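Take a look at the structure set out below.
Keep in mind that what you see is a predicted model, and the values were worked out from it rather than measured. Order of the sequence lines sets the chain letters (A, B, ...), proteins ahead of strands, with each chain counted from 1.
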There are 4 protein chains.
Amino acid sequence: MLLEKLREIVWKCNLELPKNDLVRMTSGNISGRDPQTGLVVIKPSGYSYEEMMPADMVVVDMDGKVVEGHLKPSVDTETHLYVYAHRPDVLGIGHTHSPYASSFAVLGRPIPPCLTASAMLGGEIPLGKYVPIGGAAIGAEIVAKIGHARAIIMQNHGVFTIGASPKQAAKMAVEVEEIAKITHLAMLMGQPIVLTQAQLDQMDDLYTNLYGQK
Amino acid sequence: MLLEKLREIVWKCNLELPKNDLVRMTSGNISGRDPQTGLVVIKPSGYSYEEMMPADMVVVDMDGKVVEGHLKPSVDTETHLYVYAHRPDVLGIGHTHSPYASSFAVLGRPIPPCLTASAMLGGEIPLGKYVPIGGAAIGAEIVAKIGHARAIIMQNHGVFTIGASPKQAAKMAVEVEEIAKITHLAMLMGQPIVLTQAQLDQMDDLYTNLYGQK
Amino acid sequence: MLLEKLREIVWKCNLELPKNDLVRMTSGNISGRDPQTGLVVIKPSGYSYEEMMPADMVVVDMDGKVVEGHLKPSVDTETHLYVYAHRPDVLGIGHTHSPYASSFAVLGRPIPPCLTASAMLGGEIPLGKYVPIGGAAIGAEIVAKIGHARAIIMQNHGVFTIGASPKQAAKMAVEVEEIAKITHLAMLMGQPIVLTQAQLDQMDDLYTNLYGQK
Amino acid sequence: MLLEKLREIVWKCNLELPKNDLVRMTSGNISGRDPQTGLVVIKPSGYSYEEMMPADMVVVDMDGKVVEGHLKPSVDTETHLYVYAHRPDVLGIGHTHSPYASSFAVLGRPIPPCLTASAMLGGEIPLGKYVPIGGAAIGAEIVAKIGHARAIIMQNHGVFTIGASPKQAAKMAVEVEEIAKITHLAMLMGQPIVLTQAQLDQMDDLYTNLYGQK
């Protein structure tokens, strides 16, 4: 079987989505790109997380052709591929309709950086305009607007995250919802205090250079 | 035993309700109609989800007579039967008091379509007026107001969903709460951006023709 | 061992509290009264729900004397006993700090009856004034204000529920939080539509005479 | 192995954080100080709660030198050590970004004492000003502002708790989020009723002298 290790990683990262209450039923997905072959492993379309196994992951090439797999890939596949094609640094992509982040999507608003943890996501979480699900156009909007952030709110839709691995893309999907929730709760009571770029840079340095085990 | 397969499906679909935090204690129910015999399988009244087994499901005919089963059917049975009688396309019905959707019920407001996922429910989730629980009258209000939507908010009460199968009715119960939650959260912060009918139609096409495995 | 069956029931009803997210750590309790002996079984004070077993339940008489049990009874015992002494119809009492209901307690407000399910609790959930935890005085305030309702909000504190059994008291603790949540969510968006007494009476009749299996 | 018992306690207390939904992914931590040796046991940096075992806990001395352990200690270690050095009464420290409490952090507001349970935390939960994560400076701000409270909100960041044991620090982390949630929900609907110092003192007496089993 092709990319056996990556399939298992992508499968496991997909399972993080229901485990962290970011998705309901079959919605959402995580993909991963193999840096050697350039092939992408992605969740099958509309497939139950509970029943899904590593062998159900779909392997596609950069043209969207299914290279291996017995199932149809996610309807978001073309979107993922566009992002991979234009962002060589990205090896993992995530997508959810997680509720607090999606409430910003309904209003067409970015999420201001009000928490030390916001530095992990690159500060403000930008907004992409409304683009219908399922094509390269939404990928183009992500690439145009995400900049150095690791997540983007897509208007009337949900969240996309990017990372140097599928695991990081999944982690960013968790973090963006947590930050969206705290910021939302604060905005209901008053005016959030937004961190300065210097404060965010200092925290980014901590998360990049000191945090974790490496 | 009559309709053994449908009993098991209806039982399993009922279990989706507590699993997705849509019901507490014994509230809520899912039913399914057998297209061959016209018989309906429904949850027993006030029965614990934890203790419930497929054999506890109640089989009723279209007049509400218990055809098979050792328990009393749901107090909502007459309501389900009215909907089945007037909507030949419906083979599954769901009912919950899920909290975010029910908050719209308390205000007597429909849920505006502000998310791509709203297309799955047919766009706006309409409002039915207050009708006491338990009779054909509430079924008549559902039939009168639900139109092409797959869910309806019943004032001061909760949610009813319909589908081409019990599984779809259960899925719609999950989706309506998710959409209600995101829309509610957005409405607390500002003015939601409502999707146009053309945008919803385009997404409906995607969910109908591309999404999932069929 | 005294009242072995009632201990087990009270223990199981206490476990419903964490299971339904109504309590954190060791807070909250359920008690039950034995109609024959008049003895009361109650949760031990500040005791972990996870480690608690039926044998850890404390049996007290109506003067608060521990009749059987190796642990100290809840600090709310005197309160429960006062209610039992003045309400012969009550055989089960529950107490939680469940968050949505307690938010009404912080504001000193009753919960208006805006849902068909409110009929199960007797309509409006009344408010008791602030009384310090742990004595007969809080029991007296409950008895003075609860009337025909099955739950009461105690200002700056939490919720007490009553029932014809410990099981019903636990169920009411679940229902009051569900109703508080839905009503709270509605109040944040607009003006709730309150049910009339006639509408509540009709629903009370349904819950009393038709709902469930008996 | 050094401090085998304390490692196990600190490990178990750390697991209370995800269990009570106070942390996501690897964020948050609990530490404990051994009163005999003065050594501190703390969670490893950026480490998964699920994979973490007692042997993964890191033992540091009061200068922050790793005395035993195969992993890097939390980036918050210096902060914990500063608090231990200046508060001999403290033998356990907790840290989370729990969402309701953190919403107060985003606004730079203390949490007013509106619940009998607030007495457990020492009344009002004070606010510390913004200080970057990871050094003694944040410890100094905690020591300067926490006073007789058992928790503090750190602006734009999250919560720190203190206790006479790691277990108490973990319990305070649970309580502060519960109180923050109830108070937040109340503040969205109206003006919270704040308890007087005399009312809080009376409840503090109950929690200190009557509550629990000792």
Side-chain angles (χ1 to χ4, degrees), chain B residues 18 21-28 44-48 50-52 56 58 69-78 95-109 111 127 129-135 138 154-159 180-181 183-189 192, chain C residues 12-13 15-17 19-22 98-100 111-121 123 167-168 170-196 198-214:
Chain B
D21 289 325
L22 303 177
V23 294
R24 295 274 164 192
M25 308 304 279
T26 63
S27 108
S45 180
Y47 210 75
S48 154
E50 274 175 33
E51 294 168 16
M52 201 165 69
D56 298 323
V58 187
H70 61 289
L71 295 167
K72 267 171 60 188
S74 165
V75 291
D76 299 310
T77 300
E78 207 178 332
H95 172 50
T96 79
H97 304 161
S98 66
Y100 283 91
S102 296
S103 76
F104 286 87
V106 164
L107 296 169
R109 287 198 202 165
I111 305 178
L127 175 76
K129 68 176 186 219
Y130 179 74
V131 182
I133 299 176
I138 188 167
M154 295 305 289
Q155 189 185 309
N156 292 114
H157 182 181
V159 180
K181 180 173 182 177
T183 308
H184 178 277
L185 293 175
M187 287 170 78
L188 298 186
M189 286 197 293
Chain C
K12 218 176 150 183
C13 289
L15 295 188
E16 287 294 317
L17 303 182
K19 203 168 119 187
N20 286 282
D21 288 325
L22 303 178
S98 66
Y100 283 91
I111 305 178
C114 306
L115 289 158
T116 46
S118 301
M120 254 192 279
L121 283 149
K167 200 174 162 181
Q168 206 195 346
K171 185 181 159 83
M172 290 303 114
V174 176
E175 295 294 345
V176 69
E177 180 63 5
E178 188 75 345
I179 285 171
K181 181 172 182 177
I182 296 170
T183 308
H184 178 277
L185 293 175
M187 287 170 78
L188 297 187
M189 286 198 291
Q191 192 61 32
I193 300 169
V194 178
L195 291 171
T196 64
Q199 289 170 329
L200 289 165
D201 289 347
Q202 192 179 12
M203 284 306 101
D204 181 49
D205 181 60
L206 175 123
Y207 283 120
T208 308
N209 299 317
L210 295 176
Y211 193 83
Q213 299 296 330
K214 349 242 138 91

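- In terms of heavy atoms, C:Met189 sits closest to B:Ser103 at CE-OG, 3.7 Å.
- Annotation: the span from B:Lys181 atom NZ to C:Leu185 atom CG amounts to 9.5 Å, rounded to 0.5 Å.
- Here the OG1 atom belonging to C:Thr116 is positioned 11.5 Å from the CD atom belonging to B:Gln155, to the nearest 0.5 angstrom.
- Between B:Met25 and C:Glu178, the closest side-chain pair of non-hydrogen atoms is not below 4.5 Å.
- When all heavy atoms are compared, the tightest approach of B:Pro44 to C:Gln213 is CB-NE2, 3.5 Å.
- In summary, of the residues considered (C:Ile179, C:Leu115, C:Ile193), a side-chain contact (heavy atoms from CB on, under 4.5 Å) with B:Val106 occurs for C:Leu115 alone.
- For B:Leu71, the parts sitting under 4.5 Å from any heavy atom of chain C are the backbone and the side chain alike.
- For C:Gln199, the parts lying near chain B are the backbone and the side chain together; criterion is any non-hydrogen pair under 4.5 Å.
- Under the 4.5 Å side-chain criterion, counting only non-hydrogen atoms from C-beta, C:Lys19 is in contact with B:Glu50.
- Of the atoms belonging to C:Glu177, not a single heavy atom falls under 4.5 Å from chain B.
- Atoms CD1 and CG, from B:Ile133 and C:Leu210 in turn, are 10.5 Å apart once rounded to the nearest 0.5 Å.
- Closest non-hydrogen pair, B:Pro132 versus C:Gln202, comes out as CG-OE1, 3.3 Å.
- Put simply, of C:Pro192, C:Ser118, C:Gly212, the one with the most heavy-atom pairs under 4.5 Å next to chain B is C:Gly212.
- The contact between B:Tyr130 and chain C is made entirely by side chain atoms (from C-beta outward), counting heavy-atom distances below 4.5 Å.
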